[in-house]
Amino acid sequence: MAVCARLCGVGPSRGCRRRQQRRGPAETAAADSEPDTDPEEERIEAGAAAVAGAPGGRGAGPQPPPRCSLLELPPELLVEIFASLPGTDLPSLAQVCTKFRRILHTDTIWRRRCREEYGVCENLRKLDITGVSCRDVYAKRINPRVKSGRFMKILPDYEHMEYRDVYTCLLHRYRHILGLWQPDIGPYGGLLNVVVDGLFIIGWMYLPPHDPHVDDPMRFKPLFRVHLMERKSATVECMYGHRGPHNGHIQIVKKDEFSTKCNQTDHHRMSGGRQEEFRTWLREEWGRTLEDIFHEHMQELILMKFIYTSQYDNCLTYRRIYLPPSHPDDLIRPGLFKGTYGSHGLEIVMLSFHGKRARGTKITGDPNIPAGQQTVEIDLRHRIQLPDVESLRSFSELSRLVLDVRERLRQEQQQQESRLEDGEAGGQQSPREAQRGPAQPGAELPAEKVGEAGGAEAAGAQPGQGQPFVLPVGVSSRNEDYPRTCRMCFYGTGLIAGHGFTSPERTPGVFILFDEDRFGFIWLELKSFSLYSRVQATFRNAEAPSPQAFEEMLKNIQSLTS
């Protein structure tokens with residue numbers, strides 16, 4: 001019976017499953033009351049042990065260590081084992097037995113889970129020394145209108161709170177909102193990063209630097225935060241406005257989407273009325289006053305954005321976005337970039353690679369090209385060899401090179417369509433066409449015109465091997481402090497449209513790669529230059545689960561503004 005019990009995986013106090021399946025209820029009950037041993041088995045095991053212990057027996061030698069049940073381990077070892085398990089498995093483990101449930105009340109287990117899964121490093125017993133999190137202090141310091149007394153009572157009494165409560169009632173409950181999100185603010189969009197900051201979950205709105213300083217670091221301000229109160233329930237607070245935190249609400253609408261609501265919108269208002277709110281917003285958003293902006297069209301765009309975005313201070317919906325996946329043969333590391341867009345100011349663009357093409361998708365937008373649209377598209381198969389600096393100063397020379405590539409692409413596309421039509425009419429393709437496939441544009445372009453560059457070759461170029469670069473005369477640029485050397489250039493198209501995203505069309509342009517963290521784009525039709533600089537920030541919980549999920553995300557955010 002002992003052998004059978006070991007095979008079945010049950011303890012010595014339980015009956016054999018193999019025999020119980022063949023017994024009735026009465027026989028099973030009677031068998032449970034009998035000793036869980038069998039005389040014949042004991043005799044066989046005793047004989048085997050005697051043979052193994054006899055001199056010269058085949059079983060002579062070191063014996064295996066006796067088996068130990070998990071319940072027999074010391075509590076401190078069980079604490080170490082349980083602390084290494086995912087926090088989502090611990091509730092099921094607590095249902096095994098009373099001993100496990102008692103051990104799982106050890107706070108060091110949950111403190112380790114909070115640290116390893118969510119990055120919580122604060123000590124609950126030392127918050128009277130550490131105070132609020134570093135970004136709360138920073139948010140207070142950059143907001144001079146917040147009185148110091150309003151931040152006095154923002155932390156609950158953590159003296160009687162446990163890490164188990166922090167994990168179960170705060171971190172695990174709101175884990176679905178961690179990561180990057182795009183707020184639904186019409187064409188303007190935005191970038192929200194929800195993180196665990198200290199013992200809070202805070203939603204930080206990331207803002208581009210003031211125009212046109214594209215190389216400056218990103219700005220951020222808190223929109224909401226979640227933390228525990230003494231009653232061990234999570235509390236949501238709205239951080240919008242200038243009167244300190246106040247009551248708010250978070251609702252997870254569906255997968256990869258949630259909404260926030262403010263229950264005290266009077267905290268968003270200022271005593272000076274809308275004019276004071278607009279002046280304050282203008283200093284924070286643009287770093288200047290309206291009198292400093294002399295361009296009349298730019299003043300209209302700024303006023304329009306304030307009126308539109310202020311309508312969303314009560315309720316906002318957010319949709320998840322992922323950072324683009326990276327591959328070894330990418331031209332540069334994909335990610336988020338800040339870019340200059342004329343009178344619209346600086347905007348955030350996501351650069352991603354899709355085979356032999358690269359796309360710049362707007363995370364923030366404007367009334368002409370809203371957030372979610374592909375602002376630029378680069379064809380990495382068609383490299384443009386720039387002329388010398390003196391010839392490059394002529395806009396007509398650069399335009400001739402780019403338009404020549406566009407014309408060759410158009411002719412090749414027509415030939416490809418005619419080949420497809422001939423193949424459909426004939427019922428089959430030629431062996432060479434079938435081997436080359438329909439997705440090979442640019443293979444017949446002369447190398448002296450467009451060069452040869454794939455992703456792997458382009459990635460191998462070194463910054464020291466660049467060529468001098470200067471903007472052609474007549475091309476406007478918001479930032480004159482652009483790099484004067486570039487690594488390589490490619491043919492691309494940029495999306496332009498009228499106000500309200502009317503009559504959108506893709507026009508030819510030039511993609512200029514300066515270095516690993518900066519690139520530019522010349523819009524030929526607009527005669528303007530946009531400079532892009534990488535967002536130097538680390539985002540957690542922002543990786544796409546699969547390339548397919550990232551592609552689906554791009555389609556979703558584009559369809560919302562199409």
Check Y312, W281, W286 against F306 for a ring-ring contact (aromatic ring centres under 6.0 Å, His included) and give me the one that passes. W281
For a side-chain hydrogen bond (donor to acceptor under 3.5 Å, both in side chains) with Q411, tell me which candidate from Q415, Q413, E407 qualifies.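 That would be E407; it is the only one of Q415, Q413, E407 passing the side-chain hydrogen bond (donor to acceptor under 3.5 Å, both in side chains) with Q411.
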Pick out which of H249, H246, R225 makes a side-chain hydrogen bond (donor to acceptor under 3.5 Å, both in side chains) with E237. R225
Parallel, tilted or perpendicular, as decided by the 30° and 60° cut-offs, for the rings of [Y] and [X]:
X: F511; Y: F490; answer: tilted
X: W204; Y: F220; answer: perpendicular
X: F529; Y: F469; answer: tilted

Is the CD atom of Q275 crowded by more than 12 outside heavy atoms at less than 6.0 Å? no
Quick check: are there more than 12 heavy atoms from other residues, nucleotides or ligands sitting under 6.0 Å from CD of Q264?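 Correct, the count exceeds 12.
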Note: [X]-[Y] ion pair, threshold 4.0 Å (strictly below):
X: R400; Y: E397; result: yes
X: R408; Y: D404; result: yes
X: E285; Y: K305; result: yes
X: E516; Y: R534; result: yes
X: D379; Y: K356; result: no
X: D515; Y: R487; result: no
X: D211; Y: R478; result: yes

Quick one: closest heavy-atom pair of [X] and [Y], and the distance?
X: D184; Y: L316; answer: O-CD2, 4.0 Å
X: R269; Y: R243; answer: O-CD, 3.8 Å
X: R219; Y: P209; answer: NE-CA, 4.0 Å
X: L554; Y: S352; answer: CD1-OG, 4.2 Å
X: H354; Y: F550; answer: CE1-CE2, 4.1 Å
X: C489; Y: V510; answer: CB-CG1, 4.0 Å

For the residue pair [X] and [Y], establish whether any side-chain heavy-atom pair is separated by less than 4.5 Å.
X: R393; Y: P472; result: no
X: Y240; Y: M205; result: no
X: P208; Y: I348; result: yes
X: L178; Y: R540; result: no
X: L495; Y: P504; result: yes
X: Y308; Y: P187; result: yes
X: K261; Y: Q251; result: no
X: M270; Y: T280; result: yes

Kindly compute the distance separating [atom1] ([X]) from [atom2] ([Y]), expressed to the nearest 0.5 Å.
X: Q182; Y: N556; atom1: CD; atom2: CG; value: 11.0 Å
X: W181; Y: T317; atom1: CH2; atom2: OG1; value: 11.0 Å
X: I557; Y: E552; atom1: CD1; atom2: CD; value: 11.5 Å
X: C262; Y: H268; atom1: SG; atom2: NE2; value: 3.5 Å
X: S259; Y: I250; atom1: OG; atom2: CD1; value: 9.0 Å
X: R320; Y: H176; atom1: CZ; atom2: NE2; value: 9.5 Å

Testing the 3.5 Å rule here: is there a donor-acceptor pair between the side chains of [X] and [Y]?
X: D216; Y: H210; value: no
X: S310; Y: D313; value: no
X: H267; Y: T265; value: no
X: R175; Y: H172; value: yes

Using only atom types and a distance under 3.5 Å, with no angle test, would you say the side chain of [X] pairs donor to acceptor with the backbone of [Y]?
X: S559; Y: K555; result: yes
X: D366; Y: I369; result: yes
X: N368; Y: A497; result: yes
X: R381; Y: R357; result: no
X: N479; Y: D481; result: yes
X: R518; Y: S533; result: no

Evaluate side-chain contact (heavy atoms from CB on, under 4.5 Å) for Q467 paired with T485, printing each intermediate quantity in order. CA-CA 5 Å; Q467 65 180 101; T485 59; over 6 Å; no
May I ask you to check whether [Y] and [X] place their ring centres under 6.0 Å from each other?
X: F337; Y: F519; value: yes
X: Y532; Y: F521; value: no
X: F258; Y: Y318; value: yes

Hey, mind stepping through M304 and H499 against side-chain contact (heavy atoms from CB on, under 4.5 Å) and telling me if it holds? CA-CA 12 Å; M304 183 188 308; H499 186 84; 3.5 Å; yes
Please determine whether side chain to side chain donor-acceptor pair (under 3.5 Å) holds for the pair S530 and W523, giving the CA-CA distance in whole Å, both sets of side-chain angles, and the decisive distance to 0.1 Å. CA-CA 8 Å; S530 293; W523 312 72; 3.1 Å; yes
Test side-chain contact (heavy atoms from CB on, under 4.5 Å) applied to Q374 and R506, step by step: CA-CA 10 Å; Q374 292 180 11; R506 306 207 69 88; 4.3 Å; yes
Could you please spell out the steps behind the ring pair (Phe, Tyr, Trp, His ring centres under 6.0 Å) verdict for Y206 and F539? CA-CA 11 Å; Y206 275 68; F539 300 103; 5.5 Å; yes
The test is side-chain contact (heavy atoms from CB on, under 4.5 Å); show your working for L323 and L336 and say whether it passes. CA-CA 8 Å; L323 292 178; L336 299 176; 4.0 Å; yes
Is NZ or CZ of R274 both nearer than 6.0 Å to the six-membered ring centre of F278 and within 45° of the ring axis? no
Geometric cation-pi criterion K362 and Y341, 6.0 Å radius, 45° cone: yes
